[in-house]
Amino acid sequence: MSRFIRFDTSNTGEPETTRGEADCARWVQQQLEEVGYKTEYIESGQPGRANVFATLPGADAGRGKLLLHAHLDVVPAQASDWSVDPFSGAVKDGYVWGRGAIDMKDMCGMALALARQFRREGTTPPRDIVFAFLADEEAGGKWGSQWLVEHRPDLFEGVTEAVGEVGGFSLTVDRPDGSSRRLYLVETAEKGLAWMKLTATANAGHGSFLHDDNAVTILAEAVAKLGRHRFPLVMTESVGQFLAAVSEETGLELRPDSPDLETALHKLGSIARIIGATLRDTANPTMLDAGYKANVIPQTATAVVDCRVLPGRQAAFEAEVDALIGPQVTREWVTKLDSYETTFDGDLVDAMNAAVLAHDPNGRTVPYMLSGGTDAKAFAKLGIRCFGFAPLQLPPDLDFAGLFHGVDERVPVDALIFGTNVLEHFLLNS
Ligand SMILES: [Zn+2]
């Protein structure tokens, strides 16, 4: 795990400055081959954007394969903000510290350790397990999962289900009788990601003249309207099930029709920032660009808006956006990845439940929707049923959501040991 963190696999979003994945992938490949795996090392469309695949054969070759995937890249870290070197993988105070500790070199470490253990011990799981270590998740998978799905679908031949991030972590909630319960959140859905570029075009001219057709003003109005707009609350199946389970455990009034649902959610702590974002579509302006001289009114002004859209809402969302931005502003998608949702049922979900309960009798798995996106979006295009299940038992007071892409990212050593045990149980019984 620390070894994984010591590979600086920072993904800047630009292929020229994203360099570490290949070294890390070569090391993973060597670790797998050392215990007897046949591996495949694949560069996904750009030099150095490296992925490694290996399969552990199962008892029943007729069953659909299970894909266990983890991405090797991380978001960059500003070392001066951290209390440890973000690429040291330091172990102190019971934690492994470093960029990627929870996103998601924790899962890389657990998957690699189990893959090696199974092979060394001659373990045969019930069905084939495909281990995949991937590039470029942090920039949307264009040079990773998306490329592989498009250009190498053969790698996923026979795969019916997949587990990866972001799920399996515990959320401790207080029950009305004073006891507590650990909920393990299993990701069954993801909002769509749509980065939208807005362009206002009007008449250029001298800044001293009367000028009521100004692209900057038109764009600013559209951006302000979008940024302040609240899209309607839409209850999806996964969010509804999550709220019902939490209400049942805590006695909190988290009914979909409750007027202060969002206030009540905050009692759950930092996870409310994710859950709250899955109640409705969002459109957050993130970039603005216009003008080149103080006394020149430019002909165009542009903005980028980070839109996250609930399953089934894309058309309605676009109609609502068009009504807000008005006819003088055009929009185009810079990046667009569809939402995804599956149901919380079936043998694989039963296996997750059983694995969690075997190692935490006070645990309960509940489905939830991720407000962001993962590589699951790419695999879902192939008809693979995807879940976020990278198990970790976390201390109740740890701000887990805040650690994602955050300063001093770290993971408890105990959580990793627990997670590896749960994952082992799950893989050997699914
Ligand atoms: Zn991640």
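From a predicted model like this one, the values you see are computed outputs, not experimental measurements. Read the numbers this way: they start at 1 and go in the same order the structure lists the ligands and their atoms.
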Report the relative orientation of the aromatic rings in F379 and H69; use parallel for angles under 30°, tilted for 30 to 60°, perpendicular for over 60°.
-> perpendicular
Hey, what's the ring geometry for H229 with F231, parallel, tilted or perpendicular (30° and 60° as the breaks)?
-> perpendicular
Using the ring of each side chain (for Trp, its six-membered ring), is W27 parallel, tilted or perpendicular to F7, with breaks at 30° and 60°?
-> tilted
Between R26 and Q29, is any side-chain donor less than 3.5 angstrom from a side-chain acceptor?
-> yes
Would you say the side-chain atoms of K38 pair up with the backbone N or O of T55, donor to acceptor, closer than 3.5 Å?
-> no
Sorted by chain and residue number, the ring pair (Phe, Tyr, Trp, His ring centres under 6.0 Å) partners of F242 (sequence neighbours excluded) come out as none
Return the number of protein N, O or S atoms with a distance to the Zn ion (ligand 1) smaller than 2.8 Å.
-> 4
